[in-house]
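See below for the structure under consideration.
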2 protein chains.
Amino acid sequence: MTATTVHEPTHREALWELEDAFERGDLITIFGRCTVEYDGRAASSLGLGRRLLLLKPDGTALVHTDEKQKPVNWQPPGSEHHAAVRDGRLRVRSVRTSPDETLDVHFETVEQLSAMAVSGRRDLSVTGSEADLRNALLDRPAVIESGFEPLATERPTDAGPIDLFGRDTDGRPVVVELKRRRVGPSAASQLQRYVAAIEREDGDDAAVRGILVAPSVTDRARRLLAEHGLEFVAVEPPSSTGDAGGSTTLDTELSQTDAVDDSAHDPAGDATGDDDGEPARTLSADEESH
Amino acid sequence: MTATTVHEPTHREALWELEDAFERGDLITIFGRCTVEYDGRAASSLGLGRRLLLLKPDGTALVHTDEKQKPVNWQPPGSEHHAAVRDGRLRVRSVRTSPDETLDVHFETVEQLSAMAVSGRRDLSVTGSEADLRNALLDRPAVIESGFEPLATERPTDAGPIDLFGRDTDGRPVVVELKRRRVGPSAASQLQRYVAAIEREDGDDAAVRGILVAPSVTDRARRLLAEHGLEFVAVEPPSSTGDAGGSTTLDTELSQTDAVDDSAHDPAGDATGDDDGEPARTLSADEESH
DNA sequence: GCCTAGGTCCCGTGT
DNA sequence: ACACGGGGCCTAGGC
């Protein structure tokens, strides 16, 4: 039996169970009527109510209600849990330093307390991240633009690391910013920062191009891109189920790879002139690290 | 008794309990050996292990291990929970649409299943937010700069809403961006976007000033600010316990309000020239919306 | 420890 | 619905 539960314990019984569970490194759930106070980076307080407190052996504390994905109050990993009986209530206090933060949960009554031994893998492999998108594009750089040659990923600049850096067929440097989902103004600004940084650093006469690669872009972001002569290429993230126009299931082979549309990019700079109707291409990311 | 628990139930017993709990709108916890698969905006899978599944009546599903604050897998509010016995395992499936997402948790064995009726307030009042900082500054605009006159908050522009907009003693428009914590490059870019937008819209001859108000700024962000002629004012967020130099406890009265330093801001633009050692001022935000 | 940026971000607010 | 930005964001990766 790896899970022990007590119902309606006295505060003192609950305290004993808690101390034992802390000792064993168990995952602990406490359900009961409680108040919650937090003070640290901000401050908050929560009146009486039935809630679930989750205590992890790594120092995490989570207070959950019946709504929302995020806990109504919490303490990050690395905190220290302490339990005590004060003024007829069970007080569970979770504290950490740098920054100094304290979470206090005062239980008027504990309806249930459980302790469980957790085990097993906790690392999961996620597909569909921006890194997957980057790898897929490294395999098929022509999706960005026919003849695009990748030179570096995460290239450092004064303004931060560039997702993907390369050169176009004319030999002009190209800064590529990747996003796994629809982008807003901040992504446009981010790309603009990087382009400006490369222009300052390389200082070549050749103008630096900036291309935002994402599934789609908001109107405002599109305008901001245009203002700075930046470009946009629509690409669905790998493993996305969403499709724009009866897309086929993801194959390892991308269908119209070299049908990159003959419209030459205009060197003038008022780019982003791709037709709006252009459907986003879907990428697969079967091969890791090629 | 508002919490019911069954230990080591058969899958069929667990299923009955689950259906009842769904019906009652209870908060449910299931602890046992399980695998987890997710497919939707991304995709992931997680091998066998002992974990805690939390199901909320609002459709939220959370899979927690013994580490980290964030669940290892989850489903947002609005999803629909379904339970079934398949291939000798208890399958809990949480599904939502737009975007289409499915979370499957397959329990090989259920060690414990609990259902509890949650109640009580779930809204908490947090102090120390950016809005509190804004209100404090509206009460004491001289903290930003002697003679600064606030004219609008959340003023809309082509680039998005400006936190605080006003005028300096020379009548020049001032864009203020507020941050409750140390800022990096993105905040500098954000401010720059807003300043450019105001310059385009108002189109006055008077140059638009931009001031970033935050507790502190990174080197990179400071350089970016300087490049665009933007300024920085150090202000601690209200209710912060952190102090730079034996700060007093937060009073409603701010101590050296009008000791704003006589160094006139240079109209040239290579600003941000405040001495680095300048200690941040601490604000209180006692009065809401005065 | 700090810095930088991603995230199945979540979440509230406005349109 | 989408859009936009805040968050006690959290978390990972580098330095």
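Chain naming here is simple, since letters A, B, ... match the order of the sequence lines and numbering starts at 1 in each.
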- Item | Proximal nucleotide (of C:dT8, D:dC9, D:dC4) relative to the A:Trp74 side chain | D:dC9

- Message: Nearest to the side chain of B:Arg181, heavy atoms from C-beta on, is which of D:dC10, D:dG8, D:dC9?
- Response: D:dC9

- Options C:dG6, D:dC4, C:dA5, nucleotide nearest the side-chain atoms of A:Pro161: C:dA5

- Query: C:dT4, C:dG1, D:dG5: which one has an atom nearest the side-chain heavy atoms of B:Thr218?
  - Reply: C:dT4

- Under a 3.5 Å limit for both distances, which nucleotide forms a Watson-Crick or G-U wobble pair with C:dG1, could you say? D:dC15

- Proximal nucleotide (of C:dC10, D:dG7, D:dC10) relative to the B:Ser129 side chain: D:dG7

- Note on the structure: Nearest-nucleotide check on DNA chain C, A:Glu177 vs B:Pro77; residue mapping nearer the 5' end is A:Glu177

- Query: Got B:Leu62 and A:His64 here, is their nearest side-chain heavy-atom distance under 4.5 Å?
  - Reply: yes

- Task: Could you please name the option among D:dG5, C:dT8, D:dG8 that lies closest to any side-chain atom of B:Gln190?
- Result: D:dG5

- Message: Exactly one of B:Glu101, B:His81, B:Glu80 should register a side-chain hydrogen bond (donor to acceptor under 3.5 Å, both in side chains) with B:Ser94. Which one does?
- Response: B:His81

- With the side chain defined as heavy atoms from C-beta on, A:Tyr38 is closest, among D:dA1, C:dA5, D:dG8, to D:dG8

- Note on the structure: So CG of B:Asp163 and CD of B:Glu130: to nearest 0.5 Å the spacing works out to 4.5 Å

- Mind calculating the distance between CD (A:Glu37) and P (D:dG8) to the nearest angstrom? 17 Å

- Mind checking the CD-NE2 spacing from A:Glu37 to A:His106? Nearest 0.5 Å is all I need. 6.0 Å

- Message: I want to check something: taking the side chain as every heavy atom from C-beta on, are B:Ile198 and B:Arg155 in contact at a cut-off of under 4.5 Å?
- Response: yes

- Query: Please give, in whole Å, the distance from D:dC4 P to B:Arg155 CZ?
  - Reply: 18 Å

- Query: Among C:dC9, D:dG5, D:dC9, which nucleotide sits nearest the side chain of A:Arg41?
  - Reply: D:dC9

- Task: Could you walk me through whether A:Lys56 and B:Asp66 pass the salt bridge (Lys or Arg N to Asp or Glu O under 4.0 Å) test, one step at a time?
- Result: CA-CA 6 Å; A:Lys56 295 192 179 191; B:Asp66 60 343; over 6 Å; no

Name the pairs: protein N/O against N/O of nucleotides 12-15 of chain D, kept only if under 3.5 Å.
unit_1: D:dA12; atom_1: OP1; unit_2: B:Lys68; atom_2: NZ; d: 3.4

- Message: What's the closest nucleotide to the side chain of A:Glu130 if the choices are D:dC4, D:dG7, C:dG7?
- Response: C:dG7

- Write down the distance separating the C1' atoms in D:dG8 and C:dG14, rounded off to the nearest Å. 25 Å

- Query: Between D:dC4, D:dA3, D:dG5, which nucleotide gets closest to the side-chain atoms of A:Arg182?
  - Reply: D:dA3

- Item | B:Glu67 side-chain N/O to A:Asp58 backbone N/O, donor-acceptor pair under 3.5 Å | no

